[in-house]
K.L.:
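Take a look at this one; I'll ask things after.
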Amino acid sequence: MRKSFDLKAEYLSDEMMMIISDLETHCSNLSLAEDKGIGVIEKRLDVLQEKIVAWDSDQSMIWDRDPEEASEYLTVVDEVRQVVESLGSLHAKVRDDDCNELVRRAHSSLQMAMARLEEEFVHLLVQYQQPVEPDHVSFRSTEDDPVDDLSCSSFDEEPIVGKIRSEISLHSEEFVIDLVHPTAVFDLKCIARMMLMSGYDKECCQAYINVRKEALDECLLFLRIEKWSIEEVLQMDWSLLNSKIKRWNRAMKVFIRVYLNSERRLCDLVLGDHSLSGRDSCFVETTKGSIFQMLNFGEAVSIGSPKPEKLFRILDMYEGLSHLIPDVESLFSEELGSSILTECQEVLSRLGECIRLILTEFKNAIRSNTSTNAFAGGGIHPLTKYVMNYIKALADYSETLDLLLEDQDDNDLSESSKAILGSLEKSTPVVHYLLSITSIVESNLEGRSMLYRDGALQHIFLMNNIFYMVQKVKDSELQKFLGEEWIKEHSKTYRHHSISYERTSWNPVLLFLKDEGICNPGSNSPSKTVLKERFKNFNLVFEEVYKSQTSWVIPNSQLRVELRISISLKVLQAYRTFMGRYSSHLDSVRQKDKYIKYSPDDLEEFLLDLFEGSAKSLHSFRRRIISIHNKDQ
């Protein structure tokens, strides 16, 4: 139910109440009964008419003068009103020309008085209108805000994730403001009451509506809400539309919870003597134009193209409007405010449908984001970063999305995701959607990994990207939705790729450090020729691995260090063992250092250069060693 406000409780002092009481007593004592006759009425009307004309000829506003004069004017007008009522009763019994003339004159005087009261009413409404900006409501321009969302339109642009929702949280009861100065409300109510008693309720309400509609237009100007056609909104580029949506989200809260709530109270105060339905009608006519202007923008946004970069702004619009609908319902009656309430619900429904379309489009965009070129260095692909930050932000809207996401099929889920979904204690539409997104991303990454010719780099790429996904889930609210089982399974996956990388990349290198085939057939002595070939081939393969894998990237320092340590343990142990066992057999060989180029310490140092994303070569190291050796000689 809409809210109502008590004028006496908020504005009428004891002195004001006494004035109203005296006026009512005077009016009740004034009786132009039939037995006094036409002559008495005529004489009284002459006096009243003269006063009305005199006041009307003075162009200065009556309520800008002495308050006693305004009170006297209302008394005279009320007498004219009662003359009209008395003549109406007489005219029903006595139908002659004199009576007809008196009736005409009385109505003319009352009409003149009502016209003047309407002017005074409008003057007071305008004169005492308060500035539209409430001191206690902060509403700065959102165009000055830094980019803080996922609104970039390309997977190649990494989004900056932050709290996207508007932070304004206004409660109606806390932000009711005086739209008209309180000192003028009593006079406005007295004028409105007189016009209503005289049968000029339509004129009074229309005057009120006209003034307050303009005032609400000023509110929208202050909130920087322009009138955009649907076509203009649809043609806006995203950067402009993005800023308009941010502004709209904040403006809706301020407009409904501050201005409309305050407008409802003002209407109840000034038109308090009108019927409830009359006040409701007046309030609806005053506000519906501004409300529809705000809602039209929401409708225009909802029918635009369903692009993924729009999702979070539109989610803000949906949640904001959803939270405001109870406020709207409390301000408007179901009967007279039905058009406004219906439009709010329809716009909310369209925004919800737009969100569903965007979520579907987001899946399609991930699937279709393919390439014929491998991502340099095998690092974290921009697609992975974008999608994980995107769904991380989605988690903040889980309650809303659970309402909007209907039953989804399992076509987008991998077999492992289906198993994870089945293991969860509670499966919600959001969980299902998040699992489908991670499944699509993993499938996309598998396809991209095949673009690398080097099998080891395929595993590095998948390890990096799966590890990034796991870290994003562990460090965010996504963990609550995807669960420990998802983290466990995907941790196994990236470790599997780490192990597969080592096997693919370093097993061929370690083959040259094995004992098999070192000795000549039928002899226990190592073959120098074989040893030279083994050391020579080891050097060549190691140098090639070094050259390529220094250009590869492992962005996460912990993962990078762990993999280097694992490689070092295998390679250095095998190299030290092989050297310790066979290097002495090459002591008699000329240019021994041509075959045994590197010490174990050299290799350990070289391995620290891997995965830094900057290609290096060991030829420069070898030239430096030779130069130092020659100088020593």
Side-chain angles (χ1 to χ4, degrees), residues 154-158 308 361-391 410-420 434-473 482 486-487 489-511 541 544-556 559-560 562-563 566-567 610-615:
S154 169
F155 286 128
D156 295 328
E157 304 173 49
E158 182 179 357
E361 178 57 29
F362 183 53
K363 286 184 178 182
N364 295 334
I366 299 172
R367 289 193 194 92
S368 62
N369 188 267
T370 57
S371 175
T372 57
N373 300 315
F375 185 63
I380 303 167
H381 197 278
L383 175 70
T384 310
K385 294 180 180 180
Y386 186 98
V387 171
M388 293 309 296
N389 283 308
Y390 198 94
I391 64 174
D410 293 342
N411 294 339
D412 295 323
L413 295 178
S414 63
E415 291 303 316
S416 62
S417 292
K418 290 178 183 178
I420 291 170
L434 294 176
L435 282 171
S436 70
I437 291 295
T438 58
S439 296
I440 295 171
V441 171
E442 290 170 50
S443 176
N444 185 293
L445 293 173
E446 287 285 349
R448 289 179 183 277
S449 71
M450 303 308 294
L451 298 173
Y452 297 103
R453 296 180 180 178
D454 191 325
L457 187 52
Q458 292 178 8
H459 291 296
I460 288 290
F461 174 75
L462 290 171
M463 177 194 70
N464 277 328
N465 284 269
I466 299 300
F467 178 83
Y468 179 86
M469 293 173 70
V470 170
Q471 292 304 112
K472 277 293 179 181
V473 173
L482 297 180
W486 188 96
I487 294 174
E489 288 299 317
H490 286 76
S491 295
K492 287 181 181 178
T493 301
Y494 82 74
R495 290 193 186 101
H496 164 75
H497 287 298
S498 175
I499 294 170
S500 296
Y501 151 76
E502 291 188 48
R503 289 173 177 169
T504 304
S505 188
W506 293 101
N507 280 1
V509 178
L510 297 176
L511 281 175
V541 175
E544 185 60 33
V545 169
Y546 178 88
K547 181 180 180 180
S548 62
Q549 296 192 17
T550 52
S551 68
W552 296 0
V553 179
I554 299 179
N556 183 271
L559 186 62
R560 185 169 63 246
E562 287 178 356
L563 191 56
S566 179
I567 296 168
L610 300 184
F611 317 125
E612 292 288 350
S614 177

K.L.:
Can you sort out the partners of P555 under side-chain contact (heavy atoms from CB on, under 4.5 Å), two or more places apart, ordered by chain and number?
P.N.:
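P555 satisfies side-chain contact (heavy atoms from CB on, under 4.5 Å) with I380, N464, V553 only.
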
K.L.:
Working to the nearest 0.5 Å, report the span between CG of L413 and NZ of K418.
P.N.:
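Rounded to the nearest 0.5 Å, the CG-NZ separation comes to 6.5 Å.
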
K.L.:
Please give me the minimum heavy-atom distance between S505 and V509, naming the atom from each residue.
P.N.:
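Looking at all heavy atoms of both residues, the closest pair is O-CG2, 3.7 Å.
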
K.L.:
In sequence, state the C-alpha distance, the side-chain angles, and the governing distance for L559 and Y494, and then conclude on side chain to side chain contact (heavy atoms under 4.5 Å, CB included).
P.N.:
CA-CA 10 Å; L559 186 62; Y494 82 74; 4.2 Å; yes

K.L.:
S436 and S439: side-chain donor and acceptor closer than 3.5 Å?
P.N.:
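S439 and S436 do not have a side-chain donor-acceptor pair below 3.5 Å.
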
K.L.:
Restricting to pairs with a member in residues 447-457, which pass side chain to side chain donor-acceptor pair (under 3.5 Å), not counting sequence neighbours?
P.N.:
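Non-adjacent pairs meeting side chain to side chain donor-acceptor pair (under 3.5 Å): N369-R448, H381-R448, N444-R448.
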
K.L.:
Quick one: does I366's side chain get under 4.5 Å of F362's, heavy atoms only?
P.N.:
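Side-chain contact under 4.5 Å: yes.
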
K.L.:
Do you know the tightest heavy-atom contact between L610 and R560?
P.N.:
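Taking L610 first and R560 second, the nearest heavy atoms are O-CD, 4.3 Å.
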
K.L.:
Looking at W486 and V470, what are the two nearest heavy atoms and their distance?
P.N.:
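Taking every non-hydrogen atom into account, CZ3-CA, 4.0 Å.
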
K.L.:
Using the test ring-ring contact (aromatic ring centres under 6.0 Å, His included), find all partners of W552 that sit at least two apart in sequence or belong to another chain.
P.N.:
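ring-ring contact (aromatic ring centres under 6.0 Å, His included) list for W552, sorted by chain: empty.
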
K.L.:
Go through the steps to decide whether H490 and E442 satisfy the test side-chain hydrogen bond (donor to acceptor under 3.5 Å, both in side chains), and finish with yes or no.
P.N.:
CA-CA 10 Å; H490 286 76; E442 290 170 50; 2.6 Å; yes

K.L.:
Between T550 and E612, is any side-chain donor less than 3.5 angstrom from a side-chain acceptor?
P.N.:
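Their side chains do not contain a donor-acceptor pair, so the 3.5 Å distance test is not met.
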
K.L.:
Using the rule given for side chain to side chain contact (heavy atoms under 4.5 Å, CB included), can you reason through I460 versus L563, listing the C-alpha separation, both sets of side-chain angles and the distance that settles it, and then say yes or no?
P.N.:
CA-CA 10 Å; I460 288 290; L563 191 56; 3.9 Å; yes

K.L.:
Check this for me: does any side-chain nitrogen of one of E544 and K547 sit under 4.0 Å from a carboxylate oxygen of the other?
P.N.:
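No salt bridge links E544 with K547.
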
K.L.:
When you look at CZ of R367, are more than 12 heavy atoms from neighbouring residues, nucleotides or ligands closer to it than 6.0 Å?
P.N.:
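Atom CZ in R367 is packed in, count exceeds 12.
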
K.L.:
Restricting to non-hydrogen atoms, name the atom on L451 and the atom on T372 that form the minimum distance, rounded to 0.1 Å.
P.N.:
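Taking every non-hydrogen atom into account, CD2-O, 4.0 Å.
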
K.L.:
Just how far is it from atom CZ of F375 to atom CG of L383, taken to the nearest 0.5 Å?
P.N.:
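Separation between the atoms: 10.5 Å.
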
K.L.:
Are I487 and S491 packed together at the side-chain level, in the sense that at least one heavy-atom pair is separated by less than 4.5 angstrom?
P.N.:
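Yes, side chains in contact.
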
K.L.:
For the CZ atom of F467 and the NE2 atom of H497, what is their distance to the nearest 0.5 Å?
P.N.:
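One gets 14.0 Å once the value is rounded to the nearest 0.5 Å.
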
K.L.:
Less than 4.5 Å apart, any side-chain heavy atom of I554 and any of M463?
P.N.:
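I554 reaches M463 side chain to side chain.
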
K.L.:
How about Y501 and Q549: does a side-chain donor come under 3.5 Å of a side-chain acceptor?
P.N.:
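Looking only at side-chain atoms, Q549 and Y501 do form a donor-acceptor pair, the distance falling under 3.5 Å.
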
K.L.:
Please tell me if the side chains of M469 and K472 come closer than 4.5 Å, counting only heavy atoms from C-beta onward.
P.N.:
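A side-chain contact under 4.5 Å is absent here.
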
K.L.:
Say you draw a straight line from OG of S498 to CZ of R503; how long is it, rounded to the nearest 0.5 Å?
P.N.:
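Atom-to-atom, S498:OG and R503:CZ are 10.5 Å apart.
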
K.L.:
Kindly give the heavy-atom pair with the smallest separation between L435 and L482, and that separation in Å.
P.N.:
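Shortest heavy-atom separation between L435 and L482 comes out as CD2-CD2, 3.7 Å.
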
K.L.:
Any side-chain heavy atom of V441 within less than 4.5 Å of one from N465?
P.N.:
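No. Closest side-chain heavy atoms not under 4.5 Å.
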
K.L.:
Any side-chain to backbone donor/acceptor pair from N556 onto Y468? Under 3.5 Å, distance only.
P.N.:
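Looks like no, no N/O pair under 3.5 Å.
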
K.L.:
With a 4.5 Å cut-off on side-chain heavy atoms, are I391 and T438 touching?
P.N.:
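Counting from C-beta outward, T438 and I391 do come under 4.5 Å.
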
K.L.:
When the ring planes of H459 and H496 are compared, do they come out parallel, tilted or perpendicular, using 30° and 60° as the limits?
P.N.:
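Ring orientation of H459 relative to H496: perpendicular.
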
K.L.:
Which heavy-atom pair separates I567 from E502 by the least distance, and what is that distance?
P.N.:
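Heavy-atom minimum between the residues: N-OE1, 4.3 Å.
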
